[in-house]
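In the text below, chain A, chain B and the rest are named by the order of the sequence lines, each starting its count at 1. What you are looking at is a predicted structure, and each value in this text was computed from that prediction instead of being measured.
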2 protein chains.
Amino acid sequence: MHLRFVEIFCDVAQRRSFSKGAEAQNVSQSNASQAVSKLEERLGTLLIDRSKRPLELTPAGQMYFEGCREILERFRTIEDRVQAIADRVVGPVRVAAIYSVGLMQMEQTVHRFEQLYPDASLRLDYLHPDQVYQQVLDDKADLGLVSYPRPNSEILSIDWQVQPLVLVVPPQHRLAGQHAVSLSALDGENYIGFTRELTIRREIDRQLKRARVAVQIVREFDNIENIKRAIEAGSGLALLPKPTVWQEISSGTLVAVDVSDASDLVRPLGIIHKRHKQLTTAVRKFIELLQSPSAGLAPVEPVRSISAGKSPAHAAGAASARLTLPQNGHAPGATVSDDGTLIVPRRKRKSRRT
Amino acid sequence: MHLRFVEIFCDVAQRRSFSKGAEAQNVSQSNASQAVSKLEERLGTLLIDRSKRPLELTPAGQMYFEGCREILERFRTIEDRVQAIADRVVGPVRVAAIYSVGLMQMEQTVHRFEQLYPDASLRLDYLHPDQVYQQVLDDKADLGLVSYPRPNSEILSIDWQVQPLVLVVPPQHRLAGQHAVSLSALDGENYIGFTRELTIRREIDRQLKRARVAVQIVREFDNIENIKRAIEAGSGLALLPKPTVWQEISSGTLVAVDVSDASDLVRPLGIIHKRHKQLTTAVRKFIELLQSPSAGLAPVEPVRSISAGKSPAHAAGAASARLTLPQNGHAPGATVSDDGTLIVPRRKRKSRRT
DNA sequence: CTCGCATTATCATTTCTTTTAATAGTCCAG
DNA sequence: CTGGACTATTAAAAGAAATGATAATGCGAG
């Protein structure tokens, strides 16, 4: 019997819908219906109770589903391992990233990946943060690239980068000439903020409050691009992850100023994936590439590194407690790039934190 | 990809031959060749090195083979369990039996099985003992019914019956009138024996030697049927498993006389199967049926049970050491039928003896 | 209860895959 | 080097799966 049918059945069972399952498998609804029928015919047993909306699995269907899911997983693993033996890195790598991971850096990584592993097929989608989680959960993406990663019982997060936040101002701004400023310099300034539902907004608010700095919030956007445009338009200034403004700094449309007294002012990025899913070789290779020091860096960067001994560290809130780094000194082996981004190195598979 | 291809590949890999594998799967050789090609194409890796005779698996092929074998096994188990939930006992049950298990009894059991589980398909082949082992080893039979079972690292044996050996004589023989005789009564008699390569021959020889009884061996056969014909022809007498002469006793062409002083004179029968193979529900049901007290008995039998307190026990040689029963008293729960056959009850799966 | 919406089943048709039989090619032993 | 056993290749036929349209069904709102 076609293993395909089993895949379709599993998707239908998981999504509790023939149409959804069919769509997920890129087949017609008719096909999904017939595929499940074939399986039922073969087993001589009803797997799905269609008299309920949404459909329900029969006890037999439940057992079949659980068993088959494991078998499919194993089969994929075997296929992947066989290919690995022959040094073939193949198969799909589906990555969902938030917009602000930095298009430039990602494009570079994608390009390198495609060169290194021409037999693999990489798809990279830029989505809203919630959608990234959803795609990973729904198994529509193998990896998700998110900020302030929130691991849970279903999702595991791998530390990736720790991006320092810098003060971004228009070139003509009075602070534009400074090498570094204190947070207090922001007091009373017109500020372009993130919208309140975003974790980065809450983090920045916390830091400002702690420093007893009050800014005048004049605009709110849910994405970095708009914030940058607003700064360029002279509406105000903002704290943004340094790598995300590389292009504007290079072209001189914006100026970034380091913040000297807020080493906790960082945006951690994480690579998330489903916890109980065996990653394919191709996916693991992509993670390796993301974690290699040469990735994720701004191509050309005026040398203005953060002061030594003050490592970027992120005193995270409840939602992102995992990424707390030692306050003094980098994580062992961590790489600091020219723009201050901390690349968290590949972790030995030893202790899995929950 | 068709699971069928994987099955074919596994059979080809196991038998180290395309043609043999194809035959085992009931497909053409061409088909097997193409099936493996398809898999190789999909994986982009060579699985089989055809430049050697007999063919060899590549490292990738070896890994794929091992992985797939396990997956197929799991898949079959899942399918079986799903069917079991729905109270469906289906699938093939392939049994290989030695000729002398008793056609009558087996026919009865087969009939009952087919009535109880019409959706299962039972095939019963009568073969030479060595072939029975071979078929089980080659996975061409799910179960084997053999005498003096020899479990090993590949084959597991389930105790089934302990058949008492009785003295079989022609009706006109001087011992025909006795209810029971001592082994010594055989001294000097013309004896029809089994051929020397058979375990039962060696067992009987041991017992005769121990009783210091010398018989005159006038004929040797490798099967019971011929021995019976020879006895009918007046060539001599023989010690035979009682159930195997039921028909001749009923019709009066032969007479069976119990042997009073040789409680170890028994032929144990066992159900063998591959050790590491998960048995399907249908196969387990067949075993249950074999072990149920009503099975394996001679349909109508003159009541002449063996003396109470003297249980048939088999002091086995090295080859059949497993079946050693307590010298006094039956195995717990064992059933003694009218003809003295001891039906060994279903054993709780607790300690696996090697 | 009934209507409308969303979902699933059924069907005929097209398209694709699998199967087969015949044939050509390859490897090994003598 | 040759014969025999084995495997690959091919084209045609048989078979299975995918599709789109349509019918049937269940669910919830009014």
Query - Within-4.5 Å side-chain heavy-atom neighbours: A:Ser147 and A:Ile98 - result: yes
Query - Spacing between B:Arg50 atom CZ and C:dC27 atom C1', to the nearest angstrom - result: 14 Å
Report summary line: Whole-Å distance, A:His2 NE2 to C:dC16 P, equals 14 Å
Requested in this report: Determine: side-chain N/O of A:Ser37 to OP1/OP2 of C:dA9, distance under 4.0 Å, yes or no.
Outcome: no
Report task. To the nearest Å, give me how far apart CD1 (A:Ile48) and C1' (C:dT7) are. Result -> 13 Å
**Report entry** Phosphate-side-chain proximity, A:Asn31 and D:dA17, N/O vs OP1/OP2 below 4.0 Å
**Finding:** no
Query raised in the report: In degrees rounded to 10°, what angle is found between the helical axes fit to the five outermost pairs at each end of the helix from C:dC1-D:dG30 to C:dG30-D:dC1?
Result: 40°
Query raised in the report: With sugar-phosphate meaning primed atoms plus P, OP1 and OP2, does B:Ser19 contact a base, only sugar-phosphate, or nothing at under 4.0 Å between heavy atoms?
Result: sugar-phosphate
Query raised in the report: Atom CG of A:Leu55 to atom P of C:dA9: distance rounded to whole Å?
Result: 9 Å
Query raised in the report: Among C:dT18, C:dT8, C:dA22, which nucleotide sits nearest the side chain of A:Phe18?
Result: C:dT8
**Report entry** Flag for B:Glu23-B:Ser19: side-chain donor and acceptor within less than 3.5 Å
**Finding:** no
Requested in this report: May I ask you to verify if any side-chain N or O of A:Ser33 is less than 4.0 angstrom from the OP1 or OP2 atom of C:dA9?
Outcome: yes
Query - Under-3.5 Å donor-acceptor pair between A:Gln29 side chain and D:dT19 base - result: no
**Report entry** Heavy-atom donor-acceptor pair, A:Gln34 side-chain to C:dT8 base, under 3.5 Å
**Finding:** no
Query raised in the report: Could you state the CD-P distance from A:Gln25 to D:dT19, rounded to the nearest angstrom?
Result: 12 Å
Report task. Please state whether the base of D:dG20 and the side chain of A:Ser28 form at least one donor-acceptor pair under 3.5 Å? Result -> no
Query raised in the report: Can you say whether the rings of A:Tyr126 and A:Tyr99 are parallel (under 30°), tilted (30 to 60°) or perpendicular (over 60°)?
Result: parallel
Report task. State whether a side-chain donor-acceptor pair under 3.5 Å links A:Glu66 with A:Gln62. Result -> yes
Query raised in the report: Separation of A:Leu47 atom CG from C:dT8 atom P, in whole Å?
Result: 15 Å
